Asks: 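My structure is below; once you've seen it, I'll send some questions.
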Amino acid sequence: RVLVAFVLGVGWVARVSGKGVFPARSQGRLRKRFIRRASHTSRWVYLATLRTLTRWNAESRLGVIRAPTLVIGAQHDFTTSEEKRRWCARIPGARFIEISGSRHHTELDSPERLNRVARRFADDVELAFERVGHRHVAAAADEHLADHRFIFIPDSPSPELLRGTS
């Protein structure tokens, strides 16, 4: 990917990876949208992002997360469900669910299933907060979900997940 992006640009990477991420004939619109959006990414930003993703890792800090956590895996993602289960096991009380048939962009290829899973988790969290008298926290989470068509869950633990947890 680095060589193709450097020599031919991000558009070429998008065309090649778009076929892998959205392989079904019925996903043609998603593939075209993915390619169009990715093609507008700066070559240098893309290369810097790849460099960062291959060097940064927060796995050792997953155990400090204290928020209710749902780890969502796609059946055919770049990272395996086994790897995501390992992350989940390191986060106290976290749950794991796999979206069958989905690939790297679950929010695009399976938004209804993703939203159903996220909604169910938010409802469970709300019930748990209500039991201990934290209704306002659950209501804020509910309001956040209602304002979004999907929730993006990154493939690797991001600094935002860990901020304020130490």
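Note that this is a predicted model, so its numbers are computed, not measured.
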Asks: Can you sort out the partners of Glu98 under side-chain hydrogen bond (donor to acceptor under 3.5 Å, both in side chains), two or more places apart, ordered by chain and number?
Replies: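 Here the qualifying residues are Ser81.
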
Asks: Looking only at heavy atoms, what is the nearest atom pair of Thr106 and Ala74, with distance?
Replies: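 Where Thr106 meets Ala74 most closely, the heavy atoms are OG1-CB, 3.3 Å.
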
Asks: Could you list the residues that satisfy salt bridge (Lys or Arg N to Asp or Glu O under 4.0 Å) with Glu82, not counting sequence neighbours?
Replies: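 Per chain and number, Glu82 pairs via salt bridge (Lys or Arg N to Asp or Glu O under 4.0 Å) with Arg85.
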
Asks: Would you call Val21 and Phe78 a side-chain contact if the rule is heavy atoms closer than 4.5 Å?
Replies: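 Side chain of Val21 against side chain of Phe78, heavy atoms only: contact under 4.5 Å found.
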
Asks: Kindly write out the residues that satisfy side-chain contact (heavy atoms from CB on, under 4.5 Å) with Arg86, not counting sequence neighbours, or none if the list is empty.
Replies: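 Counting only residues at least two positions away or on another chain, Arg86 forms a side-chain contact (heavy atoms from CB on, under 4.5 Å) with Glu83.
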
Asks: With rounding to the nearest 0.5 Å, note down the distance linking CD in Glu59 to CD1 in Ile91.
Replies: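 Answer for the CD-CD1 pair, Glu59 versus Ile91, is 10.0 Å.
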
Asks: So, taking the atom named CG in Asp77 and the one named CZ in Arg103, what distance separates them when rounded to the nearest 0.5 Å?
Replies: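 If we round to the nearest 0.5 Å, Asp77:CG and Arg103:CZ are 10.0 Å apart.
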
Asks: Could you measure the distance from the CD1 atom of Ile35 to the CG atom of Leu30? Nearest 0.5 Å is fine.
Replies: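 It is 11.0 Å, given to the nearest 0.5 Å.
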
Asks: Within 45° of the ring axis of Trp87 and under 6.0 Å from its six-membered ring centre, is that where the NZ or CZ of Arg90 lies?
Replies: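 Cation-pi check for Arg90 and Trp87: fails.
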
Asks: With rounding to the nearest 0.5 angstrom, report the CZ to CD1 distance, Arg116 to Ile99.
Replies: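 That separation rounds to 8.0 Å.
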
Asks: Can you measure from OG1 (Thr80) to NE2 (His76) and round to the nearest 0.5 angstrom?
Replies: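 If I round to the nearest 0.5 Å, the distance is 13.0 Å.
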
Asks: To the nearest 0.5 Å, tell me how far Leu114 CG sits from Glu112 CD.
Replies: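 Nearest 0.5 Å value for the CG-CD distance: 9.5 Å.
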
Asks: In a table with atom names and distances, give each donor-acceptor pair under 3.5 Å that connects a side chain of residues 44-55 to protein atoms at least two apart or in another chain.
Replies:
{"from": "Thr49", "atom 1": "OG1", "to": "Val45", "atom 2": "O", "distance (Å)": "2.8"}
{"from": "Thr52", "atom 1": "OG1", "to": "Ala48", "atom 2": "O", "distance (Å)": "3.0"}
{"from": "Thr54", "atom 1": "OG1", "to": "Leu50", "atom 2": "O", "distance (Å)": "3.2"}
{"from": "Thr54", "atom 1": "OG1", "to": "Arg51", "atom 2": "O", "distance (Å)": "2.9"}

Asks: Holding to side-chain contact (heavy atoms from CB on, under 4.5 Å), I want the full list of residues that pass it with Ile97, two or more places apart in sequence or in another chain.
Replies: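 In terms of side-chain contact (heavy atoms from CB on, under 4.5 Å), with neighbours along the sequence ignored, Ile97 is linked to Leu70, Ile72, Val117.
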
Asks: Given side chains that start at C-beta, do those of Phe121 and Pro68 come closer than 4.5 Å, heavy atoms only?
Replies: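 A side-chain contact under 4.5 Å exists here.
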
Asks: Do Arg29 and Phe22 touch side chain to side chain, with heavy atoms closer than 4.5 Å?
Replies: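 They are not in contact (no side-chain heavy atoms under 4.5 Å apart), so the answer is no.
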
Asks: Are Leu108 and Arg33 packed together at the side-chain level, in the sense that at least one heavy-atom pair is separated by less than 4.5 angstrom?
Replies: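 The answer is yes; the side chains approach within 4.5 Å.
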
Asks: Can you name the closest pair of heavy atoms from Gly11 and Ser39 and give their distance?
Replies: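 Closest heavy-atom pair between Gly11 and Ser39: CA-OG, 3.3 Å.
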
Asks: Report yes or no: does Gln75 contribute a side-chain atom to a donor-acceptor pair with the main-chain N or O of Ser100 at less than 3.5 Å?
Replies: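 Answer holds: no.
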
Asks: Does Arg95 have any side-chain hydrogen bond (donor to acceptor under 3.5 Å, both in side chains) partners at least two apart in sequence or in another chain, and if so, which?
Replies: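 For Arg95, the residues satisfying side-chain hydrogen bond (donor to acceptor under 3.5 Å, both in side chains) (neighbours in sequence not counted) are Asp124.
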
Asks: Would you indicate whether the side-chain heavy atoms of Val16 and Val13 approach each other to under 4.5 Å?
Replies: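 With C-beta onward as the side chain, the pair stays apart.
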
